[in-house]
Amino acid sequence: MAICAALAIPSGRVAFAQSFGGSPPWGPEKPILIRGELRQGQTFEYPIGNGLSLTLTPNDEWELGVAPSSGGDDYSGCVNEPVYGPKASEIMAWHFQPKNAQITPGGVGQKRWFDFVLSSEDNTTECNNLDIGLHGRTEREKESALSEWGTHVSGRCWFRPVSVKLSDGPLNQQVIESMKFEAECALHGALELWRLPATYVIADGFTGWVTVYYRQKGQPELPRRSDRYLVEIGKLAAVYTSSDLREDSRGAKYASKDGKGYATHGHDQMIWGWEVGDAESCSPYQSFFVGTGEQYRKSGPNPVLENPEWDCSKVMRVER
């Protein structure tokens with residue numbers, strides 16, 4: 001279940017000096033590599049930094065998580081999809097039965113990816129946003145909560161079963177008896193810092209909605225300056241590029257052609273309504289409004305996004 005196809009993203013929050021670059025899936029960060037073997041009746045914990053540990057707990061289903069090394073809640077529990085149904089962090093015997101090879105969320109040798117937050121406060125915030133987003137009293141309350149859901153995520157892990165031994169007996173009664181596995185975790189992996197930010201160079205006198213369509217087949221790449229892309233906004237408010245832009249506004253800058261910056265907050269704010277489309281669902285775009293607060297309020301929603309028709313065949317896929 002996809003919670004939403006577009007998210008309004010506030011300015012990025014990160015508790016370390018941002019350094020963009022590197023390559024997928026970790027960018028400039030070096031992940032923690034983990035290898036282990038576990039049997040029923042045992043538990044597994046491995047420190048990954050920041051006082052957190054990767055955990056694996058065998059029960060009827062084996063549960064992956066990231067929690068404080070001193071004990072506490074699972075910091076991945078409220079930030080991963082699907083909301084309903086098994087997550088990648090829930091490992092069950094049927095995932096490794098041959099008859100389910102085409103529908104398993106991850107069999108032997110296949111990576112399972114999941115994200116996590118770094119603090120108790122962020123975990124509480126994400127769980128509250130998810131709860132309100134699903135069960136809020138009004139649609140407006142739900143939409144507001146879901147627009148914030150996931151904005152505190154920082155860490156990411158992949159987990160790969162190397163070998164799995166199932167119990168004997170009928171298929172519907174089998175359990176996982178033992179597993180050899182490997183994993184990698186990075187505290188800032190979900191920030192995808194290998195995706196470069198952009199400087200949006202805005203023509204003098206321009207006001208209105210901007211839409212940047214990225215990962216578009218057959219379109220030119222954006223020019224680069226050091227560790228960022230340059231996106232020129234002129235008479236045409238739509239930009240098409242094959243470059244792979246960020247799916248949030250982390251590191252974004254907005255400037256006129258003479259280098260004067262546009263404020264993104266405060267009394268002189270000129271950038272509003274930043275939104276990103278869901279690149280995995282054929283709609284990779286960035287959208288924002290340039291102008292005064294009064295102009296933004298009078299403008300209404302971005303008109304090109306009111307009834308869009310997405311063509312998956314035009315979108316370049318990126319494997320992590």
Side-chain angles (χ1 to χ4, degrees), residues 16 21-82 85-118 123 153-167 174-195 280 317-320:
F16 75 113
S23 57
W26 306 122
E29 187 174 13
K30 184 177 180 179
I32 301 295
L33 175 62
I34 302 163
R35 292 189 175 94
E37 182 175 2
L38 196 63
R39 299 177 181 275
Q40 279 285 355
Q42 301 174 328
T43 58
F44 179 87
E45 295 184 8
Y46 196 96
I48 60 173
N50 205 50
L52 303 177
S53 292
L54 175 72
T55 64
L56 180 59
T57 306
N59 291 305
D60 290 339
E61 62 185 44
W62 289 33
E63 299 177 358
L64 278 167
V66 170
S69 301
S70 58
D73 293 333
D74 176 13
Y75 286 1
S76 71
C78 292
V79 295
N80 289 283
E81 296 188 65
K87 297 180 173 62
S89 57
E90 300 170 351
I91 308 174
M92 307 176 192
W94 68 265
H95 297 168
F96 306 100
Q97 295 169 347
K99 71 183 184 71
N100 296 318
Q102 300 302 315
I103 59 174
T104 175
V108 171
Q110 296 176 317
K111 291 180 179 178
R112 298 163 174 256
W113 295 84
F114 65 96
D115 295 343
F116 57 93
V117 298
L118 300 183
N123 189 52
V153 167
S154 178
R156 177 168 289 168
C157 296
W158 61 255
F159 178 92
R160 176 164 52 198
V162 175
S163 64
V164 175
K165 184 178 186 304
L166 301 181
S167 64
Q174 285 185 329
V175 297
I176 300 172
E177 290 190 342
S178 64
M179 181 189 302
K180 291 183 179 180
F181 57 87
E182 59 184 6
E184 281 189 339
C185 294
L187 294 178
H188 307 103
L191 304 183
E192 297 189 348
L193 296 176
W194 48 272
R195 297 184 192 273
E280 303 308 316
R317 293 297 174 185
V318 176
E319 299 295 333
R320 65 181 178 186

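From a predicted model like this one, the values you see are computed outputs, not experimental measurements. No hydrogens, no waters, no symmetry mates; every other heavy atom, side chains included, goes into these values.
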Revision key, fill the gap. R195 meets the side-chain contact (heavy atoms from CB on, under 4.5 Å) criterion, sequence neighbours left out, with E192, R215, D244, R246, E247
Review point. Any side-chain heavy-atom pair from L193 and P28 closer than 4.5 angstrom?
Key: yes
Point to revise | Rounded distance [0.5 Å steps], CZ in R160 versus CE in M179 | key: 13.5 Å
Exercise for review: May I have all residue pairs that pass disulfide (SG to SG under 2.5 Å) and include part of residues 43-79, sequence neighbours excluded?
Suggested key: C78-C127
**Study point:** Approximate separation, where rounding is to 0.5 Å, of E184 CD and L33 CG
**Key:** 5.5 Å
Practice item. Indicate yes or no: at least one non-hydrogen side-chain atom of F114 is less than 4.5 angstrom from one of C157. Key: yes
Practice item. Verify, without hydrogens or angle tests, whether D74 (side chain) and V66 (backbone) share a donor-acceptor contact under 3.5 angstrom. Key: yes
Exercise for review: Keeping to residues at least two apart or across chains, list the disulfide (SG to SG under 2.5 Å) pairs with something in residues 21-52.
Suggested key: none
Practice item. Measure the shortest side-chain to side-chain distance between Y75 and P68 over non-hydrogen atoms and say whether it is less than 4.5 angstrom. Key: yes
Practice item. Hey, could you give me each pair passing side chain to side chain donor-acceptor pair (under 3.5 Å) that has a residue in residues 37-46? Not counting sequence neighbours. Key: none
Point to revise | side-chain hydrogen bond (donor to acceptor under 3.5 Å, both in side chains) partners of K180, counting only residues at least two apart | key: none
Review point. Which heavy-atom pair separates D115 from V153 by the least distance, and what is that distance?
Key: CB-CG1, 3.6 Å
**Study point:** Short side-chain to backbone donor-acceptor contact, S154 and L187, under 3.5 Å
**Key:** yes
Exercise for review: Scan residues 54-70 for pairs that pass side chain to side chain donor-acceptor pair (under 3.5 Å), counting only residues two or more places apart or in two chains.
Suggested key: S53-S69
Review point. To the nearest 0.5 Å, how far apart are CZ in F159 and CG in L56?
Key: 5.0 Å
For residues 88-97, please give each side-chain donor-acceptor pair under 3.5 Å, one per line with the distance, not counting sequence neighbours.
unit_1	atom_1	unit_2	atom_2	d
E90	OE1	K87	N	3.2
H95	ND1	M92	N	3.2
H95	ND1	R112	NH2	2.8
Q97	OE1	N100	ND2	3.3
Q97	NE2	L171	O	2.9
Q97	NE2	Q174	OE1	3.0

**Study point:** Check: Q110 and T104 side chains under 4.5 Å, non-hydrogen atoms
**Key:** yes
Practice item. Starting at CD of E182, measure out to CZ of R35 and round the result to the nearest 0.5 Å. Key: 5.5 Å
Point to revise | Aromatic plane relationship, F181 with F44 - under 30° parallel, 30 to 60° tilted, over 60° perpendicular | key: perpendicular
Point to revise | Results of side-chain hydrogen bond (donor to acceptor under 3.5 Å, both in side chains) for N80 - residues two or more places apart only | key: none
Check your understanding: Looking only at heavy atoms, which two atoms of I32 and I48 are closest? And how far apart?
Key -> CG1-O, 3.8 Å
